[in-house]
Amino acid sequence: MKIRVILPTIVDTFNEEVQAEFAHYVDDATEVQVRHLDYGPASVEGEYDEALCVPNLLEKAIEAQSEGCEGVISLCFADPGVKAAREAVNIPVVGAGESSMLFASMLARSFSVVTVLPNVIPMIENVSKTLGVQSKLASIRYVNIPVLDLVDKEKMKEALFAEMVKALVEDKAHALVLGCTGMTGVARELQDQLREHGYDVPVIDPSFAAATILKGLIAMGMKQSRLTYMSPTEKARTFR
């Protein structure tokens, strides 16, 4: 199995970390290829950034299919370009936001997302609406740390834990979702920390969730429905 993970940013800050993390998500028979964009934003922190990242992300998804990949992950919680890529390629395409919310909806009657900045809250709300799980979304909280500053793991974990407790106590969430794919490698530690404080709830890593769902779709021989995601009509198109 060969999958392509596309980071919808022009920086390679998280490439090595993502490659190392995904090694824990898949078995030795699965090859994970991590790619970032050639042009677009340095991070996705709003609708403007998302719009800028989609053209090259689509090019990268088409390239992945042509190079023999069996599935694609758009590795951003806002799921940029996922629907368009599903039309453009004949291999399964999944987003990190939708994948983690599906797991949260299955495991609990309500869940909260803890993300980076207030700028992305409307985008996360839109993902929940499209996915049909808005009624289970208890709240969206944020740690007020920009994506590119998430390299400070201790600061991130401290802020996440504080907001997670508020989500459980004040918002009545029964599960928690990390609302940015830059929040890698901390879900299990936070889950254990919460349990030590009396909160036995799942903490879902969006990257792990996306990898798990994509592996399942490939193993089942499935991709997106062509009744929902129809192939693009033939016409002239230019990207850049």
Spatial distance of atom CG (Leu176) from atom OG (Ser112) [nearest 0.5 Å]: 6.5 Å

Roughly how far, to the nearest 0.5 Å, is the CD1 atom of Ile91 from the SG atom of Cys69? 6.5 Å

Is a side-chain N or O of Gln224 found less than 3.5 angstrom from the main chain of Val89, in a donor-acceptor match? yes

Connected via hydrophobic side-chain network under 4.5 Å: Val72 and Val54: no

Could you check whether any side-chain heavy atom of Tyr142 comes within less than 4.5 Å of a side-chain heavy atom of Val120, counting everything from C-beta outward? no

Closest non-hydrogen atom pair between Val147 and Ser43, with its separation: CB-CB, 3.9 Å

Salt bridge present between Asp27 and Lys215 (N-O < 4.0 angstrom): no

If you compare all heavy atoms of Ile145 against all heavy atoms of Met156, which two are closest, and at what distance to 0.1 Å? CD1-CA, 4.1 Å

Group every Ile, Leu, Val, Met, Phe, Trp and Tyr by side-chain heavy-atom contacts under 4.5 Å, then state whether Leu102 and Val114 land in the same group. yes

Around atom CD of Glu16, are there more than 12 heavy atoms from other residues, nucleotides or ligands closer than 6.0 Å? no

Would you mind checking if Asp205 and Arg188 are paired as a salt bridge, meaning a charged N to carboxylate O distance below 4.0 Å? no

Step through the shown structure and confirm whether more than 12 heavy atoms of other residues, nucleotides or ligands are within 6.0 Å of CD on Glu31. yes

Apply side chain to side chain contact (heavy atoms under 4.5 Å, CB included) to the pair Glu170 and Val165, showing each step before the final yes or no. CA-CA 8 Å; Glu170 299 176 18; Val165 171; over 6 Å; no

Is Glu70 salt-bridged to Arg4, going by a charged N under 4.0 Å from an acidic O? no

How about Leu37 and Val11: do any of their side-chain heavy atoms sit closer than 4.5 Å? no

Do the side chains of Asp149 and Pro146 get nearer than 4.5 Å, heavy atoms only? yes

Considering all heavy atoms, the nearest Pro92-Ile218 contact: CG-CG1, 3.9 Å

Just so I know, are the side chains of Thr30 and Lys2 near enough to count as touching, which here means a heavy-atom distance under 4.5 Å? no

Restricting to non-hydrogen atoms, name the atom on Ala210 and the atom on Ala96 that form the minimum distance, rounded to 0.1 Å. CB-CA, 3.9 Å

Examine distances only and state if a side-chain atom of Ser128 and a backbone atom of Glu125 form a donor-acceptor pair shorter than 3.5 Å. yes

Can you tell me if Lys223 has over 12 outside heavy atoms packed within less than 6.0 Å of its NZ? yes

Report the distance from atom CD1 of Ile124 to atom NZ of Lys129, rounding to the nearest 0.5 Å. 12.5 Å

Return yes if some donor-acceptor pair links the side-chain N/O of Ser225 with the main-chain N/O of Leu227 below 3.5 Å, else return no. yes

Would you give the length of the straight line joining atom CG of Leu75 to atom OG of Ser207, rounded to the nearest 0.5 angstrom? 4.0 Å

Any donor-acceptor pair under 3.5 Å linking the side-chain atoms of Arg35 with those of Asn15? no

Keeping Thr115 on the side-chain end and Cys180 on the backbone end, is there a donor-acceptor pair under 3.5 Å? no

For the pair Glu163 and Lys166, find out whether any cationic side-chain nitrogen is under 4.0 Å from an anionic carboxylate oxygen. yes

For His197 together with Phe161, are the ring centres under 6.0 Å from each other? yes

Note, Val127 side chain near Phe77 side chain (heavy atom, < 4.5 Å): no

Evaluate the side-chain proximity of Gln19 to Val32: yes if any heavy-atom separation is below 4.5 Å, no if none is. yes

Find out if a path of hydrophobic residues (ILVMFWY) with successive side-chain heavy-atom gaps under 4.5 Å connects Met230 to Met222. no

Where Val44 and Cys53 come nearest, the two heavy atoms and their spacing: CG2-SG, 4.2 Å

Does Asp79 reach the main-chain N or O of Val94 with its side chain, forming a donor-acceptor pair under 3.5 Å? no

Identify the two heavy atoms, one from Phe111 and one from Ala104, that lie closest to each other, and give their separation to 0.1 Å. CG-CB, 3.6 Å

Distance in Å, Tyr25 OH paired with Ile3 CD1, rounded so as to fall on 0.5 Å steps: 11.0 Å

Do other residues, nucleotides or ligands put more than 12 heavy atoms under 6.0 Å from Arg195 CZ? yes

Report the distance from atom CD1 of Ile121 to atom CD1 of Ile140, rounding to the nearest 0.5 Å. 6.0 Å

Using a cut-off of 6.0 Å, state whether more than 12 heavy atoms not belonging to Tyr48 lie near its atom OH. no

Between the side chain of Asn56 and the main-chain N/O of Asp38, is any donor-acceptor distance below 3.5 Å? yes

Hey, does the side chain of Thr9 reach the backbone of Pro41 with a donor-acceptor pair shorter than 3.5 angstrom? no

Can you find a heavy atom in the side chain of Arg237 that is under 4.5 Å from one in the side chain of Pro232? yes

Going by atom types alone, do Gln191 and Tyr199 pair a side-chain donor with an acceptor below 3.5 Å? no

Do Ile6 and Ile73 come within less than 4.5 Å of each other through their side chains, counting heavy atoms only? no

So, Arg86 and Glu98, do they make that salt bridge, N to O below 4.0 Å? yes

Lys153/Glu17 ion pair, N-O < 4.0 Å: yes

Phe22 with Met1, same ILVMFWY side-chain cluster at under 4.5 Å: yes

Are Val143 and Val186 grouped together when hydrophobic residues (ILVMFWY) are joined by side-chain heavy atoms under 4.5 angstrom apart? yes

